[in-house]
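One structure below.
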Amino acid sequence: MKKKDTWGPLIHTLRKAVQKRTLPSVSRVAVEHPSPYRILVSTVISLRTKDEVTLKAAERLFTKAPDLQTLAGLTEKEILTLIYPAGFYKNKAKHLKQIARILIDQYDSRIPNDQAALLSLPGVGRKTANLVLNLGFGIPAICVDTHVHRVSNRIGWVATQTPEQTELALMKILPEKYWIEINELLVRFGQGVCTPVSPFCSRCPVYDNCRRAGVKKSR
DNA sequence: AAAACGGGGGC
DNA sequence: GCCCCAGTTTT
């Protein structure tokens, strides 16, 4: 006997609230060029960097380095120039070159489709690894960024301190079939409605459950 | 658990 | 000027 799934309607409600927002940068890359290589590279670039900057940096890099071999052939400085001014560009350039080298030497020039292998790469944490699994391979995983962490706690889905705790808590309460879409949905909701300091509470469909954590003023 | 990495854009 | 950005690594 199965309990009725109340998540479907709730997710549908949230989706309507963010309907008009454009996709995050990595999702746009995924839509236009659904290759694990592009997902991985654009996700590394997207770390703490605005969508538009990420998109331009990724496009520039992809024209010079459309695959792992050409990426490994670029110097760190060349990569750095291509992805500037994405934040942390020195670290990212170093990591991208290292990643290309490691994948060519140890993974048969392929992007691995398992979490442990992805996590072993420099500059790749849980959020990046899970996003590559989701968008690159269609494998269910919950990737928790600042938006997902903040929103999940505010609207009362979880009560957690760290992103990893949020990931585990969401895996417990959310049916696996929603794991992929919930990432992008909560990010877009966090960007467009449940923003960090002055959220648009007037547009929020789940206001009644909100803890209003960290909310200074609402709009 | 907290600091460091980091330039650009929004307000 | 201050805050924020689809976080990760180091201390």
Side-chain angles (χ1 to χ4, degrees), chain A residues 14-15 18 21-34 36 38-61 76-77 79-99 102 115-136 141-154 160-167 170 179-200 213-219:
Chain A
L14 288 173
R15 190 154 39 224
V18 299
R21 283 201 61 78
T22 56
L23 260 40
S25 55
V26 180
S27 294
R28 267 184 277 176
V29 170
V31 168
E32 288 154 28
H33 306 281
R38 295 205 178 222
I39 306 296
L40 174 57
V41 171
S42 58
T43 306
V44 169
I45 294 174
S46 78
L47 185 151
R48 302 296 287 169
T49 300
K50 291 261 203 311
D51 279 334
E52 289 312 311
V53 180
T54 300
L55 221 45
K56 285 185 182 133
E59 271 315 308
R60 272 198 305 277
L61 184 57
E76 206 176 296
K77 182 147 288 202
I79 298 175
L80 182 158
T81 305
L82 288 167
I83 65 175
Y84 183 89
F88 304 122
Y89 50 87
K90 290 196 191 101
N91 283 332
K92 289 174 184 173
K94 182 171 63 184
H95 289 155
L96 285 171
K97 185 161 173 60
Q98 290 173 340
I99 287 171
I102 293 170
Q115 195 192 52
L118 289 166
L119 284 174
S120 75
L121 299 172
V124 176
R126 301 192 70 83
K127 180 255 169 179
T128 302
N130 287 351
L131 198 52
V132 171
L133 292 177
N134 280 351
L135 299 182
I142 292 178
C143 51
V144 179
D145 69 339
T146 55
H147 294 301
V148 175
H149 183 60
R150 178 187 68 257
V151 172
S152 301
N153 276 283
R154 257 194 206 154
T160 53
Q161 297 299 317
T162 68
E164 186 169 353
Q165 290 168 7
T166 301
E167 182 187 331
L170 286 175
W179 288 6
I180 291 182
E181 66 176 306
I182 205 66
N183 296 317
E184 180 181 296
L185 177 58
L186 290 187
V187 170
R188 294 168 77 186
F189 188 68
Q191 289 175 330
V193 180
C194 196
T195 53
V197 291
S198 303
F200 296 89
V215 176
K216 301 260 191 280
K217 53 186 183 211
S218 67
R219 293 179 272 187

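Within every chain, numbering begins at 1; the chains are lettered A, B, ... in the order of the sequence lines, protein sequences first and strands thereafter.
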Need one value for [X]: base, sugar-phosphate or nothing, where a base atom within 4.0 Å counts as base even if backbone is also close, heavy atoms only.
X        : answer
A/Leu121 : sugar-phosphate
A/Pro85  : sugar-phosphate
A/Pro163 : nothing
A/Gly87  : base
A/Val124 : sugar-phosphate

Handout entry: Under 3.5 Å donor-acceptor pair, A/Lys90 side-chain atoms to B/dC5 base atoms
Key =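 Check fails, no donor-acceptor contact within cut-off.
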
Taking only side-chain N and O atoms of [X], does any of them lie within less than 4.0 angstrom of OP1 or OP2 on [N]?
X        : N     : value
A/Thr146 : C/dG7 : yes
A/Thr128 : C/dT8 : yes
A/Asn91  : B/dG6 : yes
A/Tyr89  : B/dG7 : yes

With rounding to the closest Å, how many angstrom separate the [atom1] atoms on [N] and [M]?
N     : M      : atom1 : value
C/dC3 : B/dA3  : P     : 15 Å
B/dG6 : C/dT11 : P     : 14 Å
B/dA2 : C/dA6  : C1'   : 23 Å

Handout entry: First of A/Thr54 and A/His95 reached from the 5' end of DNA chain C, by closest nucleotide
Key =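 So the residue in question is A/Thr54.
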
Exercise for the section: Would you kindly compare A/His147 and A/Pro122 by the position of their nearest DNA chain C nucleotide and give the one closer to the 5′ end? Expected result: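 Here A/His147 is the residue nearer the 5' end.
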
Practice task
For the pair A/Ser27 and A/Leu135, evaluate side-chain contact (heavy atoms from CB on, under 4.5 Å) and give the outcome as yes or no after the intermediate values.
Solution key: CA-CA 7 Å; A/Ser27 294; A/Leu135 299 182; 4.1 Å; yes

Handout entry: Given DNA chain B, 5'-ward residue of the pair A/Val53 and A/Leu47, judged by closest heavy atom
Key =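 Looking at DNA chain B, the more 5' nearest nucleotide goes with A/Leu47.
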
